[in-house]
Amino acid sequence: MSTLSTSRIEAALREKERGEGGKLIVYLTGGDPSIEETGKLLAAVDRGGADLIELGVPFSDPMADGPVIQRASERALRAGATLAKILARLAEWRAAVRAPIILFSYYNPVLQYGVERFARDLALAGAEGALAVDLSPEEAQNYVAALRAENLDTVFLASPTSTDERLRRVAQLSTGFLYLISRPGVTGERASLSAAVRPLAERARRFTSLPLAVGFGLSAPDQVRQAQELADAAVVGSALVRAIEEQYARGGEETIERFVRWLKSGTGSRLS
Amino acid sequence: MNLTSSNNVPDAHGRFGEFGGRYVPETLMHPVEELERAYDEARADPEFQAELDTLLKNYAGRPTPLFFAQRLTACLGGARIFLKREDLLHTGAHKINNCLGQGLLAKRMGKTRVIAETGAGQHGVATAAAAALLGLKCVVYMGEADMARQAPNVFRMRLMGAEVIPVSSGSKTLKDAVNEAMRDWVTNVETTHYLLGSALGPHPYPVMVRDFHRVIGQEVRSQVREAAGRLPDFLFACVGGGSNSIGLFYDFIPETGVKMVGVEAGGKGTALGEHAARFSGGKPGVLHGMYTYVLQTEDGLISNTHSVSAGLDYPAIGPEHAALYRQGRVEYTRVSDREALEAARLLSEQEGIIPALESAHAIAEVRKRAGAMGRDALIVVNLSGRGDKDLGIMMSSEL
């Protein structure tokens, strides 16, 4: 499928080719520790140098997530965060940051909100796209059509367990970038980058010309650097969420901005 | 046992009407495709069927009797009531049918480890038994709240060599155990088969689990002909995820003269969180790999549930039940904790059979209706499990 010429995500992640170094994508859970703080945290990760932000929608049953993001989800739900509340604030948040934003959600909140309504409100907020972690390409027809109609990017995951046939299917439905899961498993930090990434990145290249991003298990500049030898961008989620959990209350936005700057040092790109 | 499907559901996408499908993270998509292929090959293989039949007969104790409950019938004063005695199976419930089938399939696929979720512990115990029998490593996830209320089953599983891992997230019950089992599976998918315990989850689980339990309805069909010379008027079964009920119902779906009633957990009230009645309190959504009726908030967050019976305490229902509900082929109703406990006492006193509190929900619905039926009416109730595991709850419930 042809990608949209207007994809801001694709443009943001392609700068590597222009000699600007690799790109850093960060994940944080919306509403953790509160809806108010999320606006401040988005601005902090943006100042820290994030090239793209995945904003998580908290879910009651985050079956693809490890303990760190599970706890973030629980904190956000206790603070009353929902997809509707996040969408209601998203325009304000998006306007205050440079980096493109995609929502990262389980499918049921999107389905209950209404897929068309979700796409419309996401576009109205000025966000760039979405990823539904438990929505397989096979079940995604309506969702993809609704987001395409609003010129939003649809990001899908590819895994080391994906066969070539599946990679082709995932690549066909993806716009913006293709998200490579570094190893089978849930989200969470790991000491080293999985050896499964290289063969997956090489196979994925055969099916798409989109930027490739590697995520799941990356937590430090070293791994960011290793990931970028194989792909255009590295995604860091749990490590940032843990920093928010452990350091934000004490150190404030400065700490989080510094943490992202530290991660960004792994990309070898000059800081803006 | 005949595993060949007679009705044309699900379709190639694992859809029962609009329900079912496959909603799992990409890492699990190829494994469920592989599982579907392996299952299709196995069910077409006479050797697999013969091996399963032998285990069902000599290890599990099939066929189970169809018992005429004469005193219960007289007590309620109406329809003749027959009990399908799945409670007499090895490990104490119908669950072993599916565990032997999936256990054999796991071995055939070269897996060395099985994982399972369990609510009441009956599926966990049956999985532990099948794993011990077949030489597979076994890990069972169980909510902390369920471990406390089903302690004897925790001990049984451990005695048979299974590792039981407490789940402390969310409501600490069955849905959280499923989440944790999914997380284990996605991480260890090379070596591990997820031995899912009910007719739910991503395709092919709902059809596979149904097929392994179909033997219940197949036996009833011939047993009731022998006992009464005709088909029953009513089938009753409790519905958590829906495995014992779909096992009983499936072969009777084309028999339009046979009415079927699925009984959900009415818990202690009608507010969200006080029960597990998905059809009266829920709406279609996606959970645990399937599109089906789910108890949830306006925002699509999954609701907590309550039932005195851990095995029915789950916010979603198998997708084939959602389709049968939508078609109106099966009537779904609910009975309260109190009614289930009273029915457990009634059956114990009248027939000397202590039912599992899950199965007691079906008995409770029969108790409400049998008296109003004529004496020539014929009811079959699936007595899906025995009540030993629930003695503690019964003792503390002022029965």
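A note on names: the letters A, B, ... follow the listed sequences, proteins ahead of strands, and every chain is numbered from 1.
Ranked by heavy-atom pairs under 4.5 Å with chain A, the list B:Met29, B:Met182, B:Glu180, B:His288 is led by B:Met29. With respect to chain B, the highest number of heavy-atom pairs below 4.5 Å among A:Pro58, A:Ala132, A:Pro62 belongs to A:Pro62. Most heavy-atom pairs under 4.5 Å with chain A, from the set B:Thr187, B:Leu28, B:Leu287, B:Asp184: that is B:Thr187.
Judged by distance alone, the side chain of A:Asn108 and the main-chain N or O of B:Gly300 form a donor-acceptor pair under 3.5 Å.
Around the CD atom of A:Gln141, the shell of radius 6.0 Å holds no more than 12 heavy atoms that belong to other residues, nucleotides or ligands. In A:Arg205, the CZ atom is crowded: over 12 heavy atoms of neighbouring residues, nucleotides or ligands sit closer than 6.0 Å. Other residues, nucleotides and ligands contribute over 12 non-hydrogen atoms within 6.0 Å of the CD atom of B:Glu34.
The minimum heavy-atom distance between B:Pro25 and A:Met63, with the atom names listed, is CD-CE, 3.7 Å. For B:His30 against A:Thr161, the heavy-atom pair with the smallest separation is CB-O, 3.2 Å. For the residue pair A:Leu111 and B:Tyr291, the shortest heavy atom distance occurs at CD2-CE1, 3.8 Å.
For chain B, no part of A:Val110 is nearby; none of its heavy atoms comes within less than 4.5 Å. Contacts between A:Tyr107 and chain B at a heavy-atom distance below 4.5 Å involve the side chain alone, from C-beta outward. Neither the backbone nor the side chain of A:Glu165 has a heavy atom closer than 4.5 Å to any heavy atom of chain B. Only the backbone of B:Pro284 comes within contact range of chain A, with heavy atoms under 4.5 Å apart. Using a 4.5 Å cut-off between heavy atoms, B:Glu33 contacts chain A through its side chain alone, with no backbone atom that close.
Rounding to the nearest 0.5 Å places CG of A:Asp61 at 5.5 Å from CD1 of B:Ile302. Summarising the geometry, atom CZ belonging to A:Arg166 is positioned 10.0 Å from atom OG1 belonging to B:Thr27; distances are rounded to the nearest 0.5 Å.
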Review point. Could you walk me through whether B:Arg22 and A:Glu139 pass the side chain to side chain contact (heavy atoms under 4.5 Å, CB included) check?
Key: CA-CA 7 Å; B:Arg22 265 180 191 152; A:Glu139 309 288 359; 3.9 Å; yes
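By the 4.5 Å heavy-atom criterion applied to side chains, B:Val186 and A:Val186 are counted as neighbours. Taking 4.5 Å as the limit, every side-chain heavy atom of A:Leu83 sits out of range of all side-chain heavy atoms of B:Asp299.
Side chains of A:Gln112 and B:Gln296: a donor-acceptor N/O pair is present below 3.5 angstrom, by distance only.
Comment: B:Glu26 does not engage A:Arg169 in a salt bridge, judged by the lack of any side-chain N to carboxylate O separation of less than 4.0 angstrom.
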